[in-house]
Amino acid sequence: MKRRTLLTSTLALGTFGSIRPVWASPAGVLPAYKDDLLVLNEKPINAETPAHLLDEELTSASHMFVRNNGLLPLSFDAHSWQVAIDGEACLHPRSFSLRDLKETFTWHELALQLECGGNGRSEFYPPASGNQWTTGAISCGLWGGVRLRDVLEVCGVADKAVYVGYYGTDRHLSGDPGKTVISRGVPVAKALQPETLLALELNGEPIPDLHGGPLRLVCGGYPASVSGKWVNRLVIRDRVHDGEKMGGDSYRIPCEAVAPGSEVTDEEMCIIESMPVRSLITYPQSGVHHPLDQSLVLRGHGWAGERAVASAVVSIDFGQTWLPATVNSPRNRLAWQRIQTNVRFKSRGYHEVWLKAVDDLGVAQPMVVPGWNPKGYLNNACHRIAVQVV
Amino acid sequence: MRLPGDFKHAVESVLKILALLLFVLLIGATPLAVAQTTEPIVETPQVAGSLIRAPGWELVHAHCSGCHSITLVTSQRGERPFWKELIRWMQRTQNLWQFEPATEETILNYLATNYGAGRPQRRAPLAADLLPVAR
């Protein structure tokens, strides 16, 4: 599904007082540079990346999935941007401009995997509501910025600190300015990890508007919803942050596993922290024709939330036998890891290649859809591609 | 105070038609080009999302496209309780208005009939667009 921005028509419509970014027309939901993504929802804008476009070592902005709970902010102005730090457990509340951040703190660049908690939701039965992500709500960009830890420490993290929450400038779908779109957060220990960034750059450029520029959080390995976009306030809380989408069935799963379709009360739900081990075959593209007499190069990435991928195997016979693949070390902690191997087919006809990664605690991806939960999170079933051997 | 959905929709349609007229005047485009480029913007019933044309679809479009895309409706699957709970959640937390009982009945019947949960599968075959194309 390709969407082409029609700049002129949108501008004409804009003269009637509807203030919105030029790409927010239904015709051009995404800016032209992201034309290859699959649009799942035009309002709010959500789009995922086909697996074969995630073959890059570092995900380019053009191939990064888009997840929104609300409408985009009205301003992305880096010069006037301020981020306030406060909260019950903040000893010295204060604000920073982006220039303050750059001049005060050490700059870091890290490759960090961000995966939507609902990646794979489309496979659950009974179906779960929300964007029907298949496999493409994952990215690993090179994020540049300052350590959240350095910023928080200047502001004083009290002993009673439990959680760090964010607020951003996106706008509620209903148009109600009193409503917060999303305000999630992470436990203090995650906020203070050396890889948790308050980021200003993606792949050496200012963060694109659509991806949270000019300032966003990047907390790799957790559901990407904790990596708040367009951040203008951070709160050091003395309790688990209770912002929008921290409760109910948002980004939470039953504390104890339930049968598919069960009703689960709020009290029985627990917040998702680390994402599970998962991998993707990014080369070749599913549906490829391949000659019987040649071996097929397979390439992909694996990641494991807060953990690392220790090994990976592939199957070309629907999981009856498995062959080892090579797994590279991550560029840094919480970066995805390159997986590659070659396979040779024994017969012509329809085949599937399945890839299964195993994390450093020995936990592997399941071959079928794992435990059902009300909102369809954490489907890390192994990735499959189709190959027609000719 | 909130405008009734149908009236609000009508007002929006008029504004969009005015915008389209202005666009034609400004750009001086041929009728063919206009039809092609503005189709998704002017949400006449012929192009209003991709709701299945079954009894009640107009009501669903009128009440469900104010805040979010129609795609967000057509991409979901569920039985009647699933749709009812989604509506209740939007009414509790997302500023969705209350429906007349008859309106709600029509909407729920439409959604459960046309966008039901489908057949149970622990894992479906690969999607059609991922399969090899016959040569």
Side-chain angles (χ1 to χ4, degrees), chain A residues 3-4 6 8-18 25-29 39-46 50-51 122-123 125-132 134 172-176 179 244 248-249 260-261 285-290 350 352 367-369 381 384-390, chain B residues 15-16 18-27 29 34 36-43 47 49 65-72 75-79 81-83 85-86 89-90 92-96 115-135:
Chain A
R3 311 282 174 141
R4 187 61 71 180
L6 211 285
T8 45
S9 67
T10 314
L11 288 175
L13 201 61
T15 56
F16 278 87
S18 159
S25 75
V29 175
V39 175
L40 301 183
N41 187 357
E42 299 88 354
K43 183 186 174 186
I45 305 170
N46 285 277
S122 62
E123 290 195 287
Y125 189 91
S129 67
N131 292 290
Q132 299 299 306
T134 66
H172 199 266
L173 286 176
S174 67
D176 184 343
K179 279 194 166 296
E244 194 61 35
D249 51 15
Q285 182 174 356
S286 188
V288 68
H289 288 73
H290 183 75
Y350 178 83
E352 288 180 12
M367 286 178 273
V368 295
V369 179
R384 307 170 294 172
I385 64 163
V387 177
Q388 188 73 25
V389 180
V390 293
Chain B
L15 282 177
K16 283 170 182 170
L18 285 172
L20 171 62
L21 285 173
L22 182 77
F23 170 70
V24 174
L25 290 173
L26 284 178
I27 308 298
V34 170
Q36 193 175 23
T37 56
T38 59
E39 183 186 34
I41 295 171
V42 181
E43 292 186 326
V47 295
S65 63
C67 290
H68 57 72
S69 71
I70 282 297
T71 314
L72 194 54
S75 59
Q76 312 299 314
R77 294 289 180 274
E79 300 303 309
F82 167 96
W83 290 107
E85 175 48 30
L86 262 186
W89 172 75
M90 285 186 277
R92 274 198 312 273
T93 68
Q94 305 295 305
N95 292 0
L96 175 62
Y115 298 95
R119 289 168 52 210
Q121 302 219 63
R122 193 66 188 252
R123 246 198 143 178
L126 287 172
D129 64 331
L130 297 175
L131 294 179
V133 178
R135 281 180 172 170

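So you know, we letter chains A, B, ... as the sequences are listed, proteins then strands, and number each from 1.
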Do you know which of [options] has the most heavy-atom pairs with chain B at a distance under 4.5 angstrom?
options	value
A:Met367, A:Gln132, A:Gln388, A:Arg384	A:Arg384
A:Asn131, A:Val368, A:Val288, A:Asn41	A:Asn41
A:Val387, A:Thr134, A:Asp176	A:Asp176
A:Pro126, A:Pro44, A:Gly130	A:Gly130
A:Gly287, A:Gly248, A:Gly175	A:Gly287

| field | Heavy-atom pairs under 4.5 Å with chain A, option from B:Glu85, B:Gln121, B:Gln94, B:Met90 with the top count | value |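 The candidate making the most pairs under 4.5 Å is B:Gln94.
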| query | Highest number of heavy-atom pairs under 4.5 Å with chain A: which of B:Leu126, B:Leu131, B:Leu72, B:Asp129? | reply |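 Between B:Leu126, B:Leu131, B:Leu72, B:Asp129, the count favours B:Leu126.
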Nearest-0.5 Å distance that lies between atom [atom1] in [X] and atom [atom2] in [Y]:
X	Y	atom1	atom2	result
B:Gln76	B:Leu86	CD	CG	6.5 Å
B:Leu96	B:His68	CG	NE2	8.0 Å
B:Ser65	A:Lys43	OG	NZ	8.0 Å

Measure across [X] and [Y] and return the closest heavy-atom pair with its distance rounded to 0.1 Å.
X	Y	answer
B:Cys67	A:Leu173	O-CD2, 3.6 Å
A:Glu42	A:Val29	CG-CG2, 3.4 Å
B:Trp83	B:Tyr115	NE1-O, 3.2 Å
A:Tyr125	B:Gly118	OH-O, 3.2 Å

| Portion of B:Pro81 that has a non-hydrogen atom of chain A nearer than 4.5 angstrom |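 Neither part; nothing is under 4.5 Å.
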| Portion of B:Ala117 that has a non-hydrogen atom of chain A nearer than 4.5 angstrom |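 Both parts, backbone and side chain.
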| field | Heavy-atom contact with chain B under 4.5 Å, split by part of A:Gln285 | value |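 For A:Gln285, no heavy atom lies under 4.5 Å from chain B.
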| query | Side chain, backbone, both or neither: which part of A:Ala128 has a heavy atom under 4.5 Å from chain B? | reply |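 For A:Ala128, the backbone is the part near chain B, not the side chain.
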| task | May I ask you to check whether over 12 heavy atoms, not counting those of B:Arg92, lie within 6.0 Å of atom CZ? | result |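 Yes - once you tally the heavy atoms of other residues, nucleotides and ligands closer than 6.0 Å, there are more than 12.
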